[in-house]
Amino acid sequence: MTRLSWFNTVSLTLGFAFLYIPMIILIIYSFNESRLVTVWAGFSTKWYGELIRNEAMLDAAWVTLRVAVMSSTIATVLGTMAAYVLVREGRFFGRTLFSGMIYAPLVMPEVITGLSLLLLFIGLGLDRGILTIVLAHTTFSMCFVSVVVSSRLVTFDRSLEEAALDLGCSPFEAFRLVTLPIIAPAVISGWLLAFTLSLDDLVIASFTSGPSATTLPIKIFSAVRLGVSPEINALSTIMIAIVTVGVITASLVSKRNALRRQKDEQAAVQNA
Amino acid sequence: MRRWVLIAVPYLWLLALFLVPFVIVFKISLSDVALARPPYIPQFSWDDGIWAFLRELDFENYIFLTTDSLYWKAYLSSLKIAVFSTFLTLLVGYPIAYGMARAPEEWRPTLMMLVILPFWTSFLIRVYSWMGILSQEGYLNQILMWTGIISTPLTILNTNTAVYVGIVYTYLPFMILPIYAALDRLDGSLIEAAEDLGCSRFQAFWLVTFPLSRNGVIAGSFLVFIPALGEFVIPSILGGSKTLMIGKVLWEEFFSNRDWPVASAVAVVLLLILVVPIVLFQRNQQRQAEAEQ
């Protein structure tokens with residue numbers, strides 16, 4: 001296991017080339033001078049300038065960001081509650097239906113979720129806009145949050161919580177002071193997942209948005225249908241950069257925390 | 001009391017925004033086309049009693065789906081594209097997962113992150129990135145013509161081939177991760193034993209490694225197949241006018257033809273088709289969880 005065989009080296013190289021070359025090309029050509037995206041005509045950052053001056057695009061970005069913050073925050077609260085109910089509350093009336101409703105949205109085709117929510121909103125007479133997109137995004141992303149959080153709750157040592165209750169905490173205090181700090185990394189990754197899902201969603205947003213609220217993916221989709229454009233390349237580059245920085249930072253932070261915990265545990269063992 | 005609130009809040013949310021919308025889709029799929037033209041407001045008049053409700057049900061939209069060949073062709077073509085692209089994703093993904101599991105220990109977290117990173121990147125952008133590569137004057141054709149492999153550009157964009165490329169590309173992490181997890185758990189001494197007992201490397205792989213990674217392969221295949229079946233974004237960006245996929249048909253039925261009852265019926269049938277793979281997937285996951293305990 002020390003050295004890679006030639007087969008493994010080749011498959012890893014080709015595999016990661018396949019995963020990354022399309023995005024690298026996209027990034028390179030976002031700095032292309034020419035509007036013809038497939039012909040290189042010299043380095044330029046003019047498409048980034050165009051992007052900043054594009055009011056409609058900025059509006060859409062702002063709408064998308066607000067929707068993502070609101071929906072992922074509500075989804076994290078609801079999803080954590082749902083995870084707690086699923087893992088801790090044992091039997092209650094309608095439990096099977098409840099867990100079914102948590103897992104079904106994960107595998108539901110987006111076109112169906114979008115269509116059904118739109119028909120609901122029309123039935124209720126709700127004007128389609130930011131509110132309806134937030135409601136829709138919250139609904140599917142709370143299920144993802146709940147799966148992430150419940151996988152952490154399952155491995156959680158319950159006696160810690162019981163100790164807190166024995167020492168006079170109310171159930172809510174026990175949750176806030178003991179459970180929440182321990183499951184916090186899962187709750188944060190749940191929030192991040194919900195946030196990215198919301199930023200990224202095209203199909204459900206297209207069904208549930210109205211003329212008053214256009215999100216960035218809707219804008220990108222309508223531009224992309226007309227063909228490749230350098231402005232969209234520039235926008236994609238910015239989005240890829242943000243995600244890359246975010247993912248690398250998150251993994252470094254979690255690595256540092258893991259190291260620190262290891263050290264603390266060692267220190268505790270030595271002191272004992 | 002507190003327990004009751006804790007259960008009720010997420011429960012009611014999902015009932016109102018997940019289950020009820022479905023019932024509405026179901027109801028509209030069974031309603032009369034003429035009555036259900038937009039602006040259609042679903043009306044639930046339970047006052048008339050359940051029999052009146054049942055009498056109103058109308059299967060004409062489903063009958064319409066069977067008479068117009070567009071729909072069953074679209075279902076079949078979605079199934080074909082989903083099955084074939086799942087298989088292709090497996091072919092591409094397995095060697096990568098295998099290479100990762102055999103890589104030196106200290107590389108693995110980085111390799112893992114490299115697989116996960118595209119997953120966090122916008123799906124739409126990843127699909128879009130292939131437009132510039134596959135188009136007539138795209139980078140792929142430029143390279144092929146420059147090296148003299150072909151003399152006239154290939155038409156790949158706006159065909160089913162481009163859809164396959166798009167599905168393999170975007171869903172590859174879903175295939176790699178479960179297979180990698182299965183291979184990572186594998187006991188290396190089993191392979192050594194097989195080789196000691198006279199297996200060639202390939203035989204050892206085929207008789208020992210591959211069967212032991214079966215659960216990962218199954219999980220990965222479902223994770224690709226299920227979303228690929230109802231895919232809309234990939235066929236509408238990379239596919240052509242001839243690419244028939246049911247997600248696209250539903251979208252067009254709804255937004256272009258504005259035929260809500262038929263769109264709803266298409267959705268219900270798609271859901272029925274998905275029930276089988278979803279149940280199989282759940283079973284596989286459960287078996288795996290039990291095996292781990």
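Model, not experiment: these values are computed from the prediction. Every chain is numbered from 1, with letters handed out A, B, ... down the list of sequences.
The shortest heavy-atom contact between B:Gly247 and A:Val111 is O-CG1, 3.8 Å. What you find for A:Gly227 and B:Tyr128 is that their closest heavy atoms are O-CE1, 4.5 Å. Among all heavy-atom pairs drawn from B:Tyr169 and A:Phe18, the shortest one is CE1-O, 3.1 Å. Nearest heavy atoms, B:Phe255 versus A:Ser206: CZ-O, 3.9 Å. Nearest heavy atoms, B:Val5 versus A:Met81: O-CE, 4.3 Å. Among all heavy-atom pairs drawn from A:Leu78 and B:Pro10, the shortest one is O-CB, 4.1 Å.
Contact of B:Leu114 with chain A is made through backbone and side chain together, with heavy-atom distances under 4.5 Å. In this structure, chain A has heavy atoms under 4.5 Å from both the backbone and the side chain of B:Leu17. Using a 4.5 Å cut-off between heavy atoms, B:Leu15 touches chain A through backbone and side chain atoms alike. For B:Tyr94, no part lies under 4.5 angstrom from a heavy atom of chain A. Only the side chain of B:Leu172 comes within contact range of chain A, judged by heavy atoms closer than 4.5 Å. Contacts of B:Gln282 with chain A are made by side-chain atoms alone, with heavy-atom separations under 4.5 Å and no backbone atom involved. If you measure heavy-atom distances from B:Ile278 to chain A, the contacts under 4.5 Å come from the side chain alone. For B:Ala16, the part sitting under 4.5 Å from any heavy atom of chain A is the backbone (N, CA, C, O) and nothing else. Proximity to chain B (any heavy atom under 4.5 Å) is shown, for A:Leu135, by both the backbone and the side chain. Heavy-atom distances place both the backbone and the side chain of B:Leu111 under 4.5 Å from chain A. Contacts between B:Phe232 and chain A at a heavy-atom distance below 4.5 Å involve the side chain alone, from C-beta outward. Heavy atoms closer than 4.5 Å to chain A are found in both the backbone and the side chain of B:Val115. Proximity to chain A is absent for every atom of B:Ile246, based on heavy atoms less than 4.5 angstrom apart. Interface remark: B:Pro118 contributes backbone and side-chain atoms alike to the contact with chain A (heavy atom separation under 4.5 Å). Contacts of B:Leu124 with chain A are made by both backbone and side-chain atoms, with heavy-atom separations under 4.5 Å.
Per-residue counts of heavy-atom pairs under 4.5 Å with chain B were compared for A:Leu235, A:Val203, A:Ile21; the largest is that of A:Val203. Between chain B and the options A:Gly246, A:Gly114, A:Ser229, A:Ala136, the largest number of non-hydrogen pairs under 4.5 Å is found for A:Ser229. Top candidate by heavy-atom pairs under 4.5 Å with chain B, chosen from A:Lys255, A:Met239, A:Arg95, A:Met23, is A:Met23.
Ring pair A:Tyr29/B:Tyr139: centre-to-centre distance below 6.0 Å. The distance between the ring centers of B:Phe254 and A:Phe207 falls below 6.0 angstrom.
Judged purely by atom type and a 3.5 angstrom limit, A:Ser11 uses its side chain to pair as donor or acceptor with the backbone of B:Pro95. A distance-only check finds a donor-acceptor pair linking the side chain of B:Tyr11 to the backbone of A:Gly94 [under 3.5 Å].
Expressed to the nearest 0.5 Å, how far CD1 of A:Ile242 lies from OG1 of B:Thr121 amounts to 11.5 Å. Taken from CG in A:Leu202 to CD1 in B:Ile237, the straight-line distance is 7.5 Å, to the nearest 0.5 Å. The structure places OG of B:Ser122 at 6.0 Å from CD1 of A:Ile220, a figure rounded to the nearest 0.5 Å. Here CD1 of A:Ile232 is found 13.0 Å from OG of B:Ser129. Values are rounded to the nearest 0.5 Å. Summarising the geometry, atom CE belonging to B:Met113 is positioned 4.5 Å from atom CD1 belonging to A:Ile248; distances are rounded to the nearest 0.5 Å. With values rounded to the nearest 0.5 angstrom, A:Thr196 atom OG1 is found 4.5 Å from B:Trp120 atom CH2.
Against chain B, the residues from residues 96-104 of chain A that qualify, each with a non-hydrogen atom under 4.5 angstrom away, are A:Leu97, A:Phe98, A:Met101, A:Ile102, A:Tyr103, A:Ala104 in number order.
Using cut-offs of 30° and 60° for the angle between ring planes, the B:Trp251 and A:Phe221 rings count as perpendicular.
Heavy atoms from other residues, nucleotides or ligands lying under 6.0 Å from CZ of B:Phe26 number 12 at most.
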